[in-house]
Structure formats: structure tokens, C-alpha cells
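Hydrogens, waters and symmetry mates play no part in the numbers below; they use all other heavy atoms, side chains included.
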Protein chains: 2
Amino acid sequence: MAQIKHSRQREAIRIFLMSRKDHPTAEAVYAHVKEEYPNISLGTVYRNLTFLVDNGEAIKVPCDDGSVHFDGNVEPHPHFQCRKCGAIIDLDFDGTKCENALNKAAATDFEGIIEGNVTFFYGICPECRRENS
Amino acid sequence: MAQIKHSRQREAIRIFLMSRKDHPTAEAVYAHVKEEYPNISLGTVYRNLTFLVDNGEAIKVPCDDGSVHFDGNVEPHPHFQCRKCGAIIDLDFDGTKCENALNKAAATDFEGIIEGNVTFFYGICPECRRENS
DNA sequence: AATAAACTAGTAATAATTACTGTTATTATA
DNA sequence: TATAATAACAGTAATTATTACTAGTTTATT
Ligand SMILES: [Mn+2]
Ligand SMILES: [Mn+2]
Ligand SMILES: [Zn+2]
Ligand SMILES: [Zn+2]
């Protein structure tokens, strides 16, 4: 029952995450919030990102290349990463049907419990595609 | 055309990976190969794991929790991680159909190129399920 | 056997993240 | 509104995973 106190820094981080669609890293969040709070510490950013994730106000997006990004959009939605530039992009389609089908298929002959799955897409992002052609 | 020279250490790592079904981490590989080659360096393990992955003799399995595991089974197959104990387990079913369907669905209204996707399952492994009940 | 270069052990360096500590900001309450 | 309790902070140190470096060793070729 430890109470939660408001903090300007946490709020700034939250607002920033929600305003972005490009899934910033902890470092990117730090770089931005530093403009408003020049003394903010990187530890504070990490602590609050974890806090927000734990409280359902943000999502942690661990990518296939090992990098970790954050998302202010907590609606479940699939992600895509560009093999060229590493950008993380939202994919706007509903994969629920496929997801459920996969879970069901996976559960066959499996003695454990399949609770769900995360599908991560990769390829070439629109920008890199244009540049390349 | 840099030639490749055989090395006992690399071979030991390769053999060990192939003999395992539990997807060891770099550290776990190190711990084991150290028994046969007490002087082997952790750097050598990392270098060779990367080598094997680059040469199609192993697969790198970056998990949702940030940990990185390795797999001597290079046949494409889906993975599952237990939320309780963290174990990585192979799932023996063919998800190709769903995967293709997902790629197609994802490609709709997407200006980039969807090359593929990685689906990672999570839940409770058989062992943890038994213990818990 | 001699040579060249790939590979190794040992160690140092880097990157990402977490832990610690004394100080500050926030909230509840007198 | 002042006081008190403590959540949260800044600054820094520590940890973890991984990569880079270098002098010496092993492997393959002549
Ligand atoms: Mn997103
Ligand atoms: Mn496997
Ligand atoms: Zn791109
Ligand atoms: Zn388990």
C-alpha cells in the first residue's frame, strides 16, 4: 500500500512517450526530457520507465536485435523493425485471429500452458525502401 | 575469401550446442566447455557463437525478457519461454501457414516490405505446471 | 621444417542497466 | 499555513553482458 507521489519528471516522461509514435529508447527519452529538466538523471528515466510499464501506462518493446524501446500506446498492436535503419513502426492491422490460431496450434501436444505470443515483424521500412530504389 | 581454420574450442562449442535441447546462454556454454578446456576464454565462446550463427550452424534466440540463448538446431521452429522459470522450449508444430497469413495481413496498407516475422510464445512450462498444481 | 595467418587466452573497454546515498519535493495532517 | 513523513530525485558507483585489443599459439600450406 505504498503510496504514489506525483513527480514532474515522471509526468514529463509519460507525456513525451504518449506524444511519440517512434518508440524511443531510454536514452532518447533522457535526451528529450533533459531539455525541460537539465538535471534529470538517467537513473530517474529508467526508474520511471519501469514504473510506467508496471502500471500499464507504457509498453516495453524488446526487439530482436537486443535493443529496448518504449511505447506510450498501450493498446496491444504488432510491431515492425527495419533491418536497414532499425526503426520501430506500428502495424495497423488486427492479427488477433492469427494469434489465436497460433496459440491453439502451439498448444497441441504441449504439456504446459500457452498463454500467448508476441509476433515481431521485420523487413524494410517505407523510407529505406524509397531511398534504395 | 579469408580461409577458415579448424579449432578444437569451436568444435567443442558446436558439439555441445547440438547435443542440447535447452538453449544454453553464452555463459552456460562457457561453463560447460571449460570442463574440457579449462583455459578457454569467455571471449572465445562469444566469438565462436557469433561465428556459428553467421555460418548457419547455430541460431541466436533473443528472448522477450532480454536474455540471449543459443540453439544448435538450425531448422526454423517456434520457441516458448516459461514465465516462471525462464526455460526456453521448442514447440513442435508447423506455424508456416499462420506465419504467411500474418505477413500478408501485415503488408496491407504498409508502404515498406514485410520480409517475415518471429513469433515467440510464452506461458507456463510443463514442469512448472506440475509443481504448481 | 618453415611460413603465414587464423585463432586463442587474458585482459581492458564499452554499453546498458541497476543499486546506493544523501538531498529535495510532494502529500497528508495538525 | 507550518510540520512531518516519505516517495522520488540527482549524482555516482556497481553490475552485467558483450566486444575490442594484443601478444602468443595452433592450424594449414608450402
Ligand atoms: Mn507501438
Ligand atoms: Mn530451439
Ligand atoms: Zn528503415
Ligand atoms: Zn517453467
Nearest to the [X] side chain among [options], which nucleotide is it?
X        : options                   : result
Ile4(B)  : dA10(D), dA8(D), dC7(C)   : dC7(C)
His6(B)  : dT27(D), dT27(C), dT11(C) : dT27(D)
Ser7(A)  : dA10(D), dT27(C), dA8(D)  : dA8(D)
Leu42(A) : dT17(C), dT12(D), dT27(C) : dT17(C)
Asn39(A) : dT18(C), dT11(C), dG11(D) : dG11(D)
Arg8(B)  : dT27(D), dT18(D), dT17(C) : dT27(D)
Arg10(B) : dT27(C), dA28(D), dT8(C)  : dT8(C)
Tyr46(B) : dA28(D), dT18(D), dA9(C)  : dT18(D)
Gln9(B)  : dT18(D), dA10(D), dT8(C)  : dT8(C)

Query - Geometric cation-pi criterion, Arg10(A) with Phe51(A): 6.0 Å, 45° - result: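 Satisfied, under 6.0 Å and within 45°.
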
Query raised in the report: So what does Glu27(A) touch, heavy atoms closer than 4.0 Å: a base, only the sugar-phosphate, or nothing?
Result: nothing

Query raised in the report: Any salt bridge between Glu111(A) and Arg129(B), counting N to O under 4.0 Å?
Result: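 No, this pair does not count.
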
Query raised in the report: Could Glu11(A) and Arg14(A) be called an ion pair, given the rule that one side-chain N must be under 4.0 Å from one carboxylate O?
Result: yes

Whole-Å distance between [N] [atom2] and [X] [atom1]?
X        : N       : atom1 : atom2 : value
Asp54(B) : dA6(C)  : CG    : C1'   : 16 Å
Gln3(B)  : dT29(D) : CD    : C1'   : 8 Å
Asn48(A) : dT26(C) : CG    : P     : 13 Å
Arg14(A) : dA8(D)  : CZ    : C1'   : 17 Å

Report task. Identify, between Ser67(B) and Phe51(A), the residue whose nearest nucleotide on DNA chain D lies closer to the 5' end. Result ->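 That would be Phe51(A).
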
Query raised in the report: Has the side chain of Lys5(A) got a donor or acceptor atom sitting under 3.5 Å from an opposite partner on the base of dA25(C)?
Result: no

Requested in this report: Answer with yes or no whether the hydrophobic clustering places Phe70(A) together with Val61(A); edges join I, L, V, M, F, W, Y residues whose side-chain heavy atoms lie under 4.5 Å apart.
Outcome: no

Query raised in the report: Do you see a donor-acceptor pair shorter than 3.5 Å between the side chains of Asp92(A) and His77(A)?
Result: no

Query raised in the report: Between Gly66(A) and Ser41(B), which has a closest nucleotide on DNA chain C that is more 5'?
Result: Ser41(B)

Report task. Ignoring backbone atoms, establish whether Thr44(B) has a side-chain N or O less than 4.0 Å from OP1 or OP2 of dA9(C). Result ->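 Indeed, a polar side-chain atom of Thr44(B) lies that close.
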
